[in-house]
Amino acid sequence: MDEQKIQSNLNKLLIVFLAICLLIGGVAQYLFRSVSDLYIESVQGRLEERAHQYKNSFLFKTNSDLQTLRAMACMLEDTIAESASAKAAGERLAYLWDASRTAGFVRLCYFNLSGKGMQLSSQGEVIELQTEDEAAEMQSIIEQALQGESLTSQAFYDSNLGYNTISYATPVYTGKQISGALVCSVSTESYADILSSISFVSDVGAVAVLSSSGDILASTRTHQDQGFYQLDESDYLDEELSHKFMQALSADETQFFEFDFNGIPAYACIMPLDICSDKIVIVDTDKGVSDAVSGVVSYAHLTGILFAVTAILFVLAVLYINRRHNLQLRQVAYHDRLTGAYNRYKFFQLLDQRRKKSTEYAVAVINIRKFKYINELFGSDRSNQLLKDTCAVLKQYMEQGEFFCRDTADTFALCLNTSDRDTIRKRLEVIFTALKACGKSVHHAYPVSYYGGCATTEDCADKNNNEELMSHVMLALNYAKQSQQSTISFYDTKIHEKEMLQNYIENRMEWALEHGEFQMFLQPQMDLRQKRLSGAEALVRWITDGKQMIFPDQFIPIFEQNGFCIQLDYYMVEQACKQIRAWMDAGLSPVPISVNQTKLLLYEEDYVERICAITQRYKVPSRYITLEILESLALENPERVSARIDQLHSYGFRISMDDFGSGYSSLTALSQLPIDELKLDRSFLIQADQSTEHNRRKILEIVIEVAQRLHISTVAEGIETEDHAHLMWELHCDYGQGYYYSRPIPAAEFTDTFLQNNGAC
Ligand code: C2E
Ligand code: MG
Ligand code: MG
């Protein structure tokens, strides 16, 4: 799973987690609301129940007062209406007055059908009254009592008494006819008595009786607290709620209100008294009514908030930890530990992103020349420092949108914004100069140098294929590594073709050997003194089924590396023997054939046996086979090589040292190895100015003289002109080989040209 996928899964997980939190939060809210509703319902129920208690008390009091009044009216029946004088009627009333005072009446009046009435003063005198002088509330109940009803007035201000009262009225009969109405009044103080007779559970609740116009008739509160019920002008009720309250006071049904009282939730129940239009208003605040329930609600509320905050903090913590973790992971996954630069993986990721932006860019890979040597010589600390310095310099030279990585060891890959080779070359040269300057200042001991390969998207058949681009870069880098002249190589098709050929060679070599595609060409060797054919060198040619000729320079180094040269050289020895056998069978006198032997052969355990087996198979005397070994081999392991040569000598083979003078030749090595022939490299004959030619001639003279003293015959390679031949003859070189006599030619052609008339040259 890549990082993006992990991240997206994590995001999904967080979203799910958040969704669950929101869901839980929602459910908590819903539960909270439900609990709140339940709570309010319970408060409502409780207030209503309490209001009913008060109401029942009022009804009880009213009924008992009316009952008392009715009883008094019965006692007046037939008598008061028939009283001859006002004095007699007054006496009748006085008789009841004492009893009524005991019942708590503050006024007792009698009115007849014509609207005249009487009452007793506190001194017991009869005071005459007129119905129309009474308050409207009083007039109303008198009128209804005269119609036969017993009823209660709403509270009103009695100007005769100077305070608020409630009045009752009941008809008085004479026979079966209503002859008048008996009326009594009680102070509204009796309301307060009823209110205080029932204890209110909550210390923050209150109950009051209000008239339909909002006047407070009685309350459980002190005068200061009555502001609580000043509904029409309160500052804790907004206009709308105040209006609703006033409407509820004149309505006939119980109503419930919820409001805010100085920051505390409060609830009110307004219930009609039914006996009159006055209302019981009962108010309770959240705080006192049920601390326990409101505590639970608040707790639930708080828990919900805490839960939400914890969830948010948790998500934030997870995001933070995840971010840090990601940063650390990214550091490890995308960066090189030593230098802190991007690593190969990140480089390829960025390269892919770069490709999506535009396909015009280049990749250059640079290496430190002989880094392995630096490492061994100066130790890992200094080498690590060099790598870090290289990174620091590269960082400075990256332009906007460019990036680089340290791939492995001393390999750095750079992505550059341009695909123009000149620009790239100049940029790399500047970078190399800076790198060298940095290397010089820090690593004085060794002049650090760099080389680099580069390819652009233009070089790719598919501009979107970064893998193709990278393989081109690596080819170019390899080329730069081998090249001693240039430090910067660009990918080109020649390099590519070389690479293709190399692939072809490696894939086809075995098949080619089995199918005879390797052919033996022969190049004549001439006796310089007698000027006649003395031998031939076998040189391999690969002729493909497409008739294309591949030369040894192209495949021998590859075969040397992969070991296939061993098989090929046995094969060439066999071809040489086959040819000699053919000459012998054809009655021609054979010449020795020199066969090139890879140094790998000399390390083969059964080498000598196998060579002998081949010569024996073709019944070819071993003196006809000369084995050419390279000068470098002699220097590698003289004892072992010497022992091998002795072994080969014992079977009659001749040994020749090839390319003498091409490398670090040593005359001492000559004396150490028991060779039979020395082949002087053609570099001795290459034209040069007079002075060096003179020196070379001297060297040749000495080498040939040493060889002669050691009884080693000499062959001059690369005789291209008559002068060459003459020079070598003058220097007493024995044999000559070169284009002057013939290029390497197919064996059959050699037979025709050189062997049929042996001696002509
Ligand atoms: P070498 O053994 O030194 O062979 C001589 C090379 O010089 C041959 O190149 C030959 O064609 C070339 N040559 C001969 N005369 C002249 C001349 O006058 N002027 C110039 N410029 N060149 C001349 P060739 O055939 O391309 O072989 C190259 C090398 O490949 C050989 O160098 C030898 O080291 C190796 N080689 C060839 N065939 C075999 C083989 O069968 N086995 C092994 N192990 N190596 C082989
Ligand atoms: Mg040779
Ligand atoms: Mg040679």
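All figures in this text were calculated on a predicted structure; none of them were measured in a lab.
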Query raised in the report: For residues Y618 and E574, is any side-chain donor paired with an opposing acceptor at under 3.5 Å?
Result: yes

Report task. Determine yes or no for a side-chain-to-main-chain donor-acceptor pair under 3.5 angstrom, with T721 supplying the side chain and H724 the backbone. Result -> yes

Query raised in the report: Looking at CD1 of I675 and OG of S642, how far apart are the two atoms once the value is rounded to the nearest 0.5 Å?
Result: 10.5 Å

Query raised in the report: For V540 and Y571, what are the C-alpha separation, side-chain angles and deciding distance, and is it a side-chain contact (heavy atoms from CB on, under 4.5 Å)?
Result: CA-CA 10 Å; V540 67; Y571 174 82; over 6 Å; no

Query raised in the report: Does CD in Q561 sit with more than 12 non-hydrogen atoms of other residues, nucleotides or ligands closer than 6.0 Å?
Result: no

Query raised in the report: Side-chain donor-acceptor pair under 3.5 Å between Y651 and T615, yes or no?
Result: no

Query - Y607 and Q597 side chains, donor-acceptor separation under 3.5 Å - result: yes

Query raised in the report: Just wondering, more than 12 heavy atoms not from H515 lying within 6.0 Å of its NE2?
Result: yes

Requested in this report: Could you tell me whether a side-chain N or O of D410 sits under 3.5 Å from a main-chain N or O of F371, the two making a donor and an acceptor?
Outcome: no

Query - Check against side-chain contact (heavy atoms from CB on, under 4.5 Å), D734 and E677 - result: CA-CA 10 Å; D734 303 310; E677 179 183 273; over 6 Å; no

**Report entry** Value rounded to 0.5 Å, distance of CD1 in I611 from CD1 in I625
**Finding:** 8.5 Å

Report task. Evaluate the side-chain proximity of Y741 to I719: yes if any heavy-atom separation is below 4.5 Å, no if none is. Result -> yes

Requested in this report: Classify the ring geometry between W542 and F559 as parallel (under 30°), tilted (30 to 60°) or perpendicular (over 60°).
Outcome: tilted

Report task. For the pair F404 and T390, evaluate side-chain contact (heavy atoms from CB on, under 4.5 Å) and give the outcome as yes or no after the intermediate values. Result -> CA-CA 11 Å; F404 73 96; T390 306; over 6 Å; no

Report summary line: Separation between CZ (R581) and NZ (K578), nearest 0.5 Å, reads 13.5 Å

Requested in this report: Output, in order, the C-alpha distance, side-chain angles, deciding distance and verdict of salt bridge (Lys or Arg N to Asp or Glu O under 4.0 Å) for R421 and D459.
Outcome: CA-CA 11 Å; R421 289 193 172 193; D459 298 323; 3.1 Å; yes

Query raised in the report: Do you know which two heavy atoms are closest between A707 and L678, and how far apart they sit?
Result: CB-CD2, 4.4 Å

Query - Any donor-acceptor pair under 3.5 Å from T457 side chain to Y361 backbone - result: yes

Query raised in the report: Any idea which heavy atoms bring P590 and I580 closest together, and the distance?
Result: CB-CG2, 3.9 Å

Query raised in the report: Ion pair present between D659 and K679, side-chain N to carboxylate O less than 4.0 angstrom?
Result: no

Query raised in the report: Hey, is CD on E467 packed in by over 12 heavy atoms from elsewhere, all under 6.0 Å?
Result: no

Query raised in the report: Where the side chain of T418 meets the backbone of A362, is there a donor-acceptor pair that is under 3.5 Å apart?
Result: no

Query raised in the report: Do any N or O atoms from the side chain of S383 and from the backbone of G379 form a donor-acceptor pair under 3.5 angstrom?
Result: yes

Query - Where V393 and I431 come nearest, the two heavy atoms and their spacing - result: CG1-O, 4.4 Å

Report task. Return yes when atom CZ of R529 has more than 12 non-hydrogen atoms of other residues, nucleotides or ligands closer than 6.0 Å, and no otherwise. Result -> no

Query raised in the report: Strictly by modelled atom types, are S683 and D681 linked by a side-chain donor-acceptor pair under 3.5 Å?
Result: yes

Requested in this report: Could you walk me through whether Y603 and N637 pass side-chain contact (heavy atoms from CB on, under 4.5 Å), step by step?
Outcome: CA-CA 10 Å; Y603 293 104; N637 193 343; 4.0 Å; yes

Query raised in the report: What heavy-atom pair brings H649 and P674 nearest, and what distance separates the two atoms?
Result: CE1-O, 2.6 Å

Requested in this report: Please answer whether the main-chain N or O of F684 pairs with a side-chain N or O of R696 as donor and acceptor at a distance below 3.5 Å.
Outcome: yes

Query raised in the report: Any sub-3.5 Å donor-acceptor pair from R427's side-chain atoms to Y397's backbone N or O?
Result: yes

Query raised in the report: Taking atom NE2 of H732 as the centre, does the number of heavy atoms from other residues, nucleotides or ligands within less than 6.0 Å exceed 12?
Result: no

Query - Side-chain donor or acceptor of Q523 paired with backbone N/O of S742 under 3.5 Å - result: yes

Query raised in the report: Are the side chains of Y570 and L601 in touch, meaning some heavy atoms are under 4.5 Å apart?
Result: yes

**Report entry** Charged N-O contact under 4.0 Å between E749 and R743
**Finding:** no

Query raised in the report: Hey, are the side chains of M509 and I558 touching, using non-hydrogen atoms and a 4.5 Å cut-off?
Result: no

**Report entry** T714 side chain near Q708 side chain, heavy-atom distance below 4.5 Å
**Finding:** no

**Report entry** Side-chain H-bond candidate by donor/acceptor type, N596 with E537, under 3.5 Å
**Finding:** yes

Query - Ion pair D527/R532, N-O distance below 4.0 Å - result: no

Query raised in the report: Do E402 and L414 come close enough that some side-chain heavy atom pair is under 4.5 Å?
Result: no

Query raised in the report: Is L588 close to Q756 at the side-chain level, that is, under 4.5 Å between some pair of heavy atoms?
Result: yes

Requested in this report: Looking only at non-hydrogen atoms, find the nearest pair between L539 and P744 and report the distance.
Outcome: CD1-CG, 3.5 Å

Query raised in the report: With distance as the sole test, does D569 use its side chain to make a donor-acceptor pair with the main-chain N or O of T598 at under 3.5 Å?
Result: yes

Report task. Can you measure from OG1 (T487) to OH (Y451) and round to the nearest 0.5 angstrom? Result -> 11.5 Å

Query raised in the report: If only atom types and distance count, is the side chain of S534 paired as donor or acceptor with the main-chain N or O of Q525 below 3.5 Å?
Result: yes

Report summary line: The side chain to side chain contact (heavy atoms under 4.5 Å, CB included) partner of E604 among V608, L602, D606 is D606

Report task. Give a yes or no on whether Y504 atom OH has more than 12 heavy-atom contacts from other residues, nucleotides or ligands under 6.0 Å away. Result -> yes

Query raised in the report: Are R623 and D676 ion-paired here, with the side-chain N under 4.0 Å from a carboxylate O?
Result: no

Report summary line: The reported gap from CZ in R541 to CZ in F551 (rounded to nearest 0.5 angstrom) is 5.5 Å

Query raised in the report: From D723 CG over to E730 CD, what is the distance, rounded to the nearest 0.5 angstrom?
Result: 10.0 Å

Query raised in the report: So which heavy atom on R508 is nearest to which on E517, and how close?
Result: NH2-OE2, 3.5 Å

Query raised in the report: Is the shortest distance from a Lys or Arg side-chain nitrogen in D422 or R425 to a carboxylate oxygen in the other one below 4.0 Å?
Result: no

Query raised in the report: Considering the options I488, N417, L416, which one meets the side chain to side chain contact (heavy atoms under 4.5 Å, CB included) requirement together with I424?
Result: L416

Query raised in the report: Parallel under 30°, tilted from 30 to 60°, perpendicular over 60°: which one fits the rings of F518 and F564?
Result: tilted

Query raised in the report: Side-chain contact, heavy-atom cut-off 4.5 Å: F412 with L387?
Result: yes

Requested in this report: Please tell me if the side chains of L685 and L680 come closer than 4.5 Å, counting only heavy atoms from C-beta onward.
Outcome: no

